[in-house]
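Written below as structure tokens is the structure these notes are about.
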Amino acid sequence: MSPVLLTTPEALKVPEVMTALRLSRSKVYDLIRSKQLRSYTSGRARRIPVDSVRQYMQDRMEEAA
């Protein structure tokens, strides 16, 4: 059986989240610290699940409505 290749990443690096949300590095880390963005570490690497970014955006849209 061959391994499954993901076409869309399940987790993003901090710079990828910065680009996606158009935010600074410090703001992304503030969102992580305040638990508005879920994240995890693997070794020294911080990763943010794509679902967490989507949820953050959804929450902001609901607040704006």
| field | Met18-Tyr40 co-clustered via ILVMFWY side chain contacts under 4.5 Å | value | no
Show every donor-acceptor pair shorter than 3.5 Å between a side-chain atom in residues 48-56 and any protein atom, with sequence neighbours excluded, or say none if there are none.
residue, atom, partner, partner atom, Å
Ser52, OG, Arg38, N, 2.7
Ser52, OG, Arg38, O, 3.4
Gln55, NE2, Asp59, OD1, 2.7

| For Arg33, what residues pass the salt bridge (Lys or Arg N to Asp or Glu O under 4.0 Å) criterion, not counting sequence neighbours? | Asp30
| remark: For Ala45 and Arg47 the tightest heavy-atom approach is CB-NH1, 3.6 Å
| Do Val17 and Lys13 have side chains that get closer than 4.5 Å, going by heavy atoms? | no
| With Arg60, which residues qualify under salt bridge (Lys or Arg N to Asp or Glu O under 4.0 Å), at least two apart? | Glu63
| request: List for me each residue that meets side chain to side chain donor-acceptor pair (under 3.5 Å) alongside Ser34, sequence neighbours excluded, and say none if there are none. | output: Gln36
| query | By side-chain contact (heavy atoms from CB on, under 4.5 Å), which residues pair with Thr41, not counting sequence neighbours? | reply | Arg46
